[in-house]
Amino acid sequence: MLHSDQYNYLQGLNKQQRIAVETLDGPVLVLSGAGTGKTRVLTTRIAHLLVTGKSKPWNIMAVTFTNKAAREMKERVGRIIGPSSEQVLMGTFHSLGARMLRQHCELIGLKSNFTIIDVEDQVKLLKQIISAKNVDDKRWPAKFFLNIISSWKDKGLTPSKITDKHIFQYSNGLIKDIYIEYQERLLKSNCVDFGDLLVHPLELLRMNSDVLSKWQSKITHILIDEYQDTNTAQYLWIRLLCSKHNNICCVGDDDQSIYGWRGAEVKNILNFSNDFENSKVIRLEQNYRSTNKILDVANCLIKNNTNRLGKDLWTENNSDQDVEIFNSYDSSDEARKIGEIIEDKIRDKVHLSEIAVLVRTFSLLRAIEERFISIG
């Protein structure tokens, strides 16, 4: 372990990054724009908690949204503090929820060797249930019920919390009964789905004061990445865990909340200061990824967003190259223009490996790929 006079890992941080790393007490929201070094802030903050003796490794929970991000975070912290980083609770909401659930599964009615089923098995189970209830699976297919049930779990709603306002007229009002039987069959088979990895831990903390007390005492510092993409169940789970020590650091960008379709609630980041008393908001606005002209265009567009806390990205990476915008008649016309631009770059001695084509969805690539093949 490093001593307090060996904070060399803080070198290279800009002023706002350093403030975010060194503000270790109380609720902190790090409002981080794109390319502003948020991962570096998170990992350095974990290291600083340990080096300064503010926390022990096993008292820290760091939550990411992908397993890849969790591995990267653990590797970065490990490079600073060594093997003790392995004792930090790092992972996705689902993996950490599964870890908690395996410790207390008997309180839910499960055994510790429970199976996590995939979407295909979920659909199979729901097909059996709706068939037994004589539901018209042409009008109300199993995937429809799965989407509804998954959305309820994203909101932390167990079957007992489903009311008439949630049911509408889905399957002539049978959807609550289907949800109840679906959960009963999962338990009987010693199975959970991905939504249960959020809902079951939440219910464990809500319904068992001793379990809540144990975890609140164990976890003294919580760090969350991509906070703008948290859903209601995740938010409620974290609120319960941090309510004793109130040391929570959330990193996110209200302008990058794009997962509303899978339950993300941007209000979680917008309401942070109201949810956590005496919170501090630190803005990371220096961008290391783009040029000044790209940021000017981005800031001009983003300022029109209505639900945002506000920040202006800037950079020292100046460039004379303008951002060019062109309209296309259709996808073929767009592909032709992209091909012409790349051919011009090649004539200017730009190598193909220096050129990237970014698209919003994979399906948009087909016309471009076909054009590239035709022009060799």
Side-chain angles (χ1 to χ4, degrees), residues 12-17 20 30-41 65-66 68-69 72 225-229 251-261 264 266 269-270 281-376:
L13 297 177
N14 65 39
K15 181 181 177 181
Q16 291 304 106
Q17 288 174 333
V30 181
L31 204 58
S32 174
T36 56
K38 68 181 180 65
T39 304
R40 184 179 185 183
V41 165
F65 266 78
T66 65
K68 180 182 177 183
E72 181 184 354
D225 193 12
E226 306 291 4
Y227 188 60
Q228 77 279 355
D229 290 329
V251 178
D253 185 355
D254 51 323
D255 292 317
Q256 292 193 68
S257 181
I258 59 172
Y259 287 110
W261 57 274
V266 71
I269 194 169
L270 297 176
V281 178
I282 300 164
R283 286 171 168 80
L284 303 184
E285 297 175 309
Q286 183 174 359
N287 178 284
Y288 295 94
R289 187 183 296 161
S290 302
T291 65
N292 58 325
K293 291 200 173 183
I294 290 173
L295 292 183
D296 286 344
V297 171
N299 287 330
C300 185
L301 287 171
I302 290 171
K303 72 180 181 181
N304 294 297
N305 290 355
T306 52
N307 292 322
R308 66 191 301 257
L309 296 172
K311 58 191 173 305
D312 288 305
L313 300 187
W314 59 277
T315 184
E316 295 177 346
N317 183 13
N318 295 321
S319 171
D320 294 329
Q321 186 174 355
D322 290 327
V323 175
E324 297 179 36
I325 300 172
F326 65 81
N327 293 319
S328 299
Y329 179 75
D330 57 21
S331 58
S332 297
D333 183 41
E334 179 184 53
R336 181 181 57 78
K337 288 182 179 178
I338 290 172
E340 289 173 354
I341 291 170
I342 291 176
E343 288 177 314
D344 288 342
K345 296 291 183 186
I346 293 171
R347 281 191 286 271
D348 292 336
K349 308 301 182 184
V350 176
H351 197 275
L352 282 172
S353 63
E354 299 177 82
I355 300 171
V357 178
L358 304 181
V359 295
R360 190 175 62 82
T361 61
F362 190 76
S363 61
L364 296 174
L365 278 175
R366 168 173 272 184
I368 298 170
E369 287 179 337
E370 289 175 350
R371 180 62 185 173
F372 284 0
I373 291 170
S374 69
I375 62 177

A.B. asks: State the NZ-CG distance between K293 and N317, to the nearest 0.5 angstrom.
C.D. replies: 12.5 Å
A.B. asks: Restricting to non-hydrogen atoms, name the atom on K337 and the atom on N327 that form the minimum distance, rounded to 0.1 Å.
C.D. replies: NZ-O, 2.7 Å
A.B. asks: Between E72 and K68, is there a side-chain heavy-atom distance shorter than 4.5 Å?
C.D. replies: no
A.B. asks: Between atom CH2 of W314 and atom CG of N292, what is the distance when rounded to the nearest 0.5 Å?
C.D. replies: 12.0 Å
A.B. asks: Does the K38 side chain pair with the main chain of E226, one donor and one acceptor, at a distance under 3.5 Å?
C.D. replies: no
A.B. asks: Sub-3.5 Å donor-acceptor pair from the side chain of D330 to the main-chain atoms of S332, do we have one?
C.D. replies: yes
A.B. asks: Within this structure, what is the CD-CG distance for the pair Q17 and L284, rounded to the nearest 0.5 Å?
C.D. replies: 6.0 Å
A.B. asks: Using every non-hydrogen atom in the two residues, find where L364 and R360 come nearest and quote the distance to one decimal.
C.D. replies: CD1-N, 4.0 Å
A.B. asks: I'd like to know if R347 and D344 make a salt bridge, using a cut-off of under 4.0 Å between side-chain N and carboxylate O.
C.D. replies: yes
A.B. asks: Do E285 and T36 have side chains that approach each other closer than 4.5 Å (heavy atoms only, starting at C-beta)?
C.D. replies: no
A.B. asks: Does any part of the side chain of V323, heavy atoms only, come nearer than 4.5 Å to the side chain of I294, both counted from C-beta?
C.D. replies: yes
A.B. asks: Should we say atom CG of D320 is surrounded by more than 12 heavy atoms from elsewhere, each under 6.0 Å from it?
C.D. replies: no
A.B. asks: Could you check whether any side-chain N or O of S319 sits under 3.5 Å from a backbone N or O of Q321, counting only pairs where one atom can act as donor and the other as acceptor?
C.D. replies: yes
A.B. asks: Look at atom CG of N318 and say whether more than 12 heavy atoms of other residues, nucleotides or ligands are closer to it than 6.0 Å.
C.D. replies: yes
A.B. asks: Please name the pair of heavy atoms, one in Y288 and one in N14, separated by the smallest distance, quoted to 0.1 Å.
C.D. replies: OH-ND2, 2.9 Å
A.B. asks: Measuring from I338:CD1 to I355:CD1, what's the distance to the nearest 0.5 Å?
C.D. replies: 11.5 Å
A.B. asks: Would you list the atom pairs, donor with acceptor, under 3.5 Å between side chains in residues 303-313 and any protein atom, with sequence neighbours excluded?
C.D. replies:
residue : atom : partner : partner atom : Å
N304    : ND2  : C300    : O            : 3.2
N304    : ND2  : L301    : O            : 3.3
N305    : ND2  : D255    : OD1          : 3.3
R308    : NE   : D255    : OD1          : 2.9
R308    : NE   : D255    : OD2          : 3.3
R308    : NH2  : D255    : OD2          : 2.9
R308    : NH2  : K311    : O            : 3.3
K311    : NZ   : D253    : OD1          : 2.6
K311    : NZ   : D254    : OD1          : 3.1
K311    : NZ   : D255    : OD2          : 2.9

A.B. asks: More than 12 heavy atoms of other residues, nucleotides or ligands under 6.0 Å from OH of Y329: is that the case?
C.D. replies: no
A.B. asks: Mind checking the CD1-NZ spacing from I282 to K15? Nearest 0.5 Å is all I need.
C.D. replies: 11.5 Å
A.B. asks: Within the distance-only criterion (no hydrogens, no angle test), does the side chain of N287 pair as donor or acceptor with the backbone N or O of R289 below 3.5 angstrom?
C.D. replies: yes
A.B. asks: Do V281 and R283 make a side-chain contact, defined as non-hydrogen atoms from C-beta onward lying under 4.5 Å apart?
C.D. replies: yes
A.B. asks: Between T315 and Q286, is there a side-chain heavy-atom distance shorter than 4.5 Å?
C.D. replies: no
A.B. asks: Strictly below 4.0 Å, N to O, side chains only: are D348 and K345 in salt-bridge contact?
C.D. replies: no
A.B. asks: Output side-chain donor-acceptor pairs under 3.5 Å for residues 367-376, partner residues at least two apart or in another chain, one line each.
C.D. replies:
residue : atom : partner : partner atom : Å
S374    : OG   : R371    : O            : 2.7

